[in-house]
Structure formats: C-alpha cells, structure tokens
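Below: one structure, written as structure tokens.
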Amino acid sequence: MTRTLIAVTKILMFVLWSLLVAPLQFVFLLFNRGPAAYILPHIWQRGVCRILGLRVVVEGTPETTRQVMFVSNHLSYLDIPVIASVLKASFIAKKDVSSWPVFGFLSTLQQTAFISRDRKDAKVEKNNLSAMIAAGKSLILFPEGTSTDGCDVVKFKSSLFSLAADPATGAFLPVQPISLLMDRVDGRAPVAGPNDVRDLYAWHGDMTMGPHLWNFFKSRGATIRLIFHPVLDPQVYSDRKLLADAAWNQVRAGVTGSALPGPATASTLAAVAIGCG
C-alpha cells in the first residue's frame, strides 16, 4: 500500500509539474526556437528526474562549448529525462513517438526531431535534420535503433551518421559517444538472476509502457551513470560506417568493460560491475 501511495504521489507531482512548465514552453516556442528554447525543457527534465527518483552520475566531460551530435546506447524511455537533465539538445526519435499520449506532446516541446522508418521519406527526413543542424542545434541519437536490457550494445546503424559529415557543404559535426549504465535500481545493484531489478528501468522487447511506468513509479528510482567519451572528429573517418563503428566501440567499452586499445580507464573498470553475469 505504501508503494502504491508513493506512485500516486509521484504521478500527481509529475502532472502538476508538467502543467506548470509545458504551457510556458509552448508559448516560448512561438517566438524563439534558438538555444534559449532548451532552458525550460532542461529545467522540466531535471524536475522529472527529481520526482521519479532518477539520480544521474556524470563521468567525463560533456561537450557543451560547440555544436555536437551525441550518440548513446538506449535502455528505456526514461533515458530521455536522464540525458536531457544534463544536455540542452534535440533528440532524434521514431515518428510513432510523436503519437504517444502525453509523452509525444512533451517530446515536441523538447524540439525532438521525429523521423520515419519508411525509406521513401529518407530524403525529406535528412533535409529536416540538416535544417536543424544549420540552425545550430545539437542532436542526441540512439543509433542502436532499439532499446535493450543494458547488458550489451547493439551494433550501431550508420545511416544518420551521415549528418556528421557533409562533404558537399563542408559542414562537419563532432560526435560524442555516451555510455549509459544502470548503477542501482530500486536501491539495488542489477545482478543476473531471478531477482534482477534491471527491467524496472529498462524497457525493451515486448514490454507494455503503462505497467512498466507504473512499476517504476512504485520503485525507489534509479541511479544512472552517463560516461561521456572523447569527441570524435568525423573528418578522420573515410565514411559514415567507420565513424559509427568507432562510436559503437567507445560506447560498448563503457557499458561492458571490454578493452579498447590502450590502458583501461576508471570508467571501463567500473562498468564491469553491471551485473549481467
């Protein structure tokens, strides 16, 4: 009963917080879609993290002094407030997210770029994203194309990495890989076995959002670690696939603790204890 009461309280706080901030952001976007338009969403996402009990630990240095394309592994829709509480940038999301109740509208206020999976729309989608880049916006991409339980990282799809380098215009967008890990969920470390708590946070496979979100509301939240790796220069790579592979290698090393060339870092050593057996 106590956990149910906690969940209901969190839901009420979430609704009230959203009703306070969302109308202000809606009006703001009518007049300004520049960098200042990220301030309210950033504040809102930090408030959401506080309400949901999402504690974010940052390793490394987020590149905030210039325009960047951030790329991260993906565990859950909860990754959105986690990352947006740290970065002021636009997410790239599947088009169907825009139709999700509540979250679709809130994603629009975050200036999310919704893209179609249909190949016939590819040129239009790329032009829209290129326009966002031309407007000076940084982008956040989940290039696995799916969400996972966090035990490994799916090979990155390379198509959108073409946004980082456009030889025709000479425009190059630095790429910063991010490893996202669950340190604790509901007060416990994720450990392989029947009592593993990772799926309280991770939303993957055929899970249904409503019950998953309700269970997370009832939990004591989660501690999520974001490891910001060194920025990659797209001009160093001869094509987008090599750039995607380089980003994937860094993200996977942070998640699994697998060795990259050179000495092990504190980040990769810490990542070994993700409890995947």
Say you draw a straight line from [atom1] of [X] to [atom2] of [Y]; how long is it, rounded to the nearest 0.5 Å?
{"X": "R184", "Y": "R225", "atom1": "CZ", "atom2": "CZ", "value": "11.5 Å"}
{"X": "L181", "Y": "T256", "atom1": "CG", "atom2": "OG1", "value": "9.0 Å"}
{"X": "K155", "Y": "K241", "atom1": "NZ", "atom2": "NZ", "value": "11.5 Å"}
{"X": "E59", "Y": "I227", "atom1": "CD", "atom2": "CD1", "value": "4.5 Å"}
{"X": "L16", "Y": "L20", "atom1": "CG", "atom2": "CG", "value": "9.0 Å"}
{"X": "C49", "Y": "I224", "atom1": "SG", "atom2": "CD1", "value": "9.5 Å"}

Does either side chain, that of [X] or that of [Y], offer a donor lying less than 3.5 Å from an acceptor on the other one?
{"X": "Y38", "Y": "S90", "result": "yes"}
{"X": "Q67", "Y": "K137", "result": "no"}
{"X": "D199", "Y": "H212", "result": "no"}

What do the steps show when you test V58 against F228 for side chain to side chain contact (heavy atoms under 4.5 Å, CB included), and what is the final call? CA-CA 8 Å; V58 174; F228 286 84; 3.8 Å; yes
If Ile, Leu, Val, Met, Phe, Trp and Tyr residues are connected whenever their side-chain heavy atoms lie under 4.5 Å apart, and connections chain through other members, are [X] and [Y] in the same group?
{"X": "I11", "Y": "I80", "result": "yes"}
{"X": "F156", "Y": "V154", "result": "no"}
{"X": "V231", "Y": "I178", "result": "no"}
{"X": "V57", "Y": "V255", "result": "no"}

Expected output: side-chain [X] to main-chain [Y] donor-acceptor under 3.5 Å:
{"X": "T208", "Y": "G210", "answer": "no"}
{"X": "S18", "Y": "F14", "answer": "yes"}
{"X": "S219", "Y": "G221", "answer": "yes"}
{"X": "S138", "Y": "V68", "answer": "yes"}

Can you find a pair of side-chain heavy atoms, one from [X] and one from [Y], that are under 4.5 Å apart?
{"X": "L232", "Y": "Y237", "result": "yes"}
{"X": "L87", "Y": "I140", "result": "yes"}
{"X": "Q250", "Y": "P230", "result": "yes"}
{"X": "I115", "Y": "L129", "result": "yes"}
{"X": "L180", "Y": "I83", "result": "yes"}
{"X": "W214", "Y": "T4", "result": "yes"}
{"X": "T148", "Y": "D152", "result": "no"}
{"X": "T112", "Y": "V97", "result": "no"}

Mind checking what makes salt bridge (charged side-chain N to carboxylate O under 4.0 Å, His left out) contact with [X], not counting sequence neighbours?
{"X": "K157", "result": "none"}
{"X": "E144", "result": "none"}
{"X": "D239", "result": "none"}

Once side-chain contact (heavy atoms from CB on, under 4.5 Å) is applied, do any residues pair with [X], and if so which ones, sequence neighbours excluded?
{"X": "A84", "value": "Q45, F91, Q110"}
{"X": "D196", "value": "P190, R198"}
{"X": "M209", "value": "Y77, W100, F103, W203"}
{"X": "A36", "value": "F28, N32, I39"}

Look at atom CZ of R188 and say whether more than 12 heavy atoms of other residues, nucleotides or ligands are closer to it than 6.0 Å.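 Yes, enclosed.
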Decide if atom NZ of K10 counts as having more than 12 heavy atoms of other residues, nucleotides or ligands within a radius under 6.0 Å.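 Correct, the count exceeds 12.
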Taking side chain to side chain donor-acceptor pair (under 3.5 Å) as the test, write out the residues that go with [X], two or more places apart.
{"X": "S158", "answer": "R240"}
{"X": "D149", "answer": "none"}
{"X": "S179", "answer": "H229"}

Pairs in or reaching into residues 203-220: which pass salt bridge (Lys or Arg N to Asp or Glu O under 4.0 Å), with residues at least two apart or in two chains?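 Listed by first then second residue: D186-R220.
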Sequence neighbours excluded, every pair satisfying salt bridge (Lys or Arg N to Asp or Glu O under 4.0 Å) that has a member inside residues 65-89: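 Sorted result for residues 65-89: E63-R66.
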Specify the closest pair of heavy atoms between [X] and [Y], including all atoms of both residues, with the distance to one decimal.
{"X": "P177", "Y": "V251", "answer": "CB-CG2, 3.6 Å"}
{"X": "A202", "Y": "M207", "answer": "O-SD, 3.5 Å"}
{"X": "L139", "Y": "M132", "answer": "CD2-CE, 4.2 Å"}
{"X": "A164", "Y": "P234", "answer": "O-CG, 3.4 Å"}
{"X": "Q25", "Y": "L109", "answer": "NE2-O, 2.9 Å"}
{"X": "V86", "Y": "P62", "answer": "CG1-CG, 4.2 Å"}

What's the verdict on side chain to side chain contact (heavy atoms under 4.5 Å, CB included) for V82 and L226, showing C-alpha distance, side-chain angles and the deciding distance? CA-CA 9 Å; V82 166; L226 297 179; 4.1 Å; yes
V71 vs F142, side chain to side chain contact (heavy atoms under 4.5 Å, CB included): CA-CA, chis, key distance, verdict: CA-CA 6 Å; V71 296; F142 297 118; over 6 Å; no
Does the plane of the ring in Y201 sit parallel, tilted or perpendicular to the ring in F216? Use 30° and 60° as the thresholds.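 Taking F216 first and then Y201, their aromatic rings stand perpendicular (interplane angle over 60°).
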Determine, stepwise, if the pair W17 / L12 fulfils side chain to side chain contact (heavy atoms under 4.5 Å, CB included). CA-CA 8 Å; W17 178 234; L12 290 174; over 6 Å; no
So that I can tick it off, tell me whether R55 and D183 are bridged by a salt bridge, with the cut-off set at under 4.0 angstrom between side-chain N and carboxylate O.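 R55 and D183: not salt-bridged.
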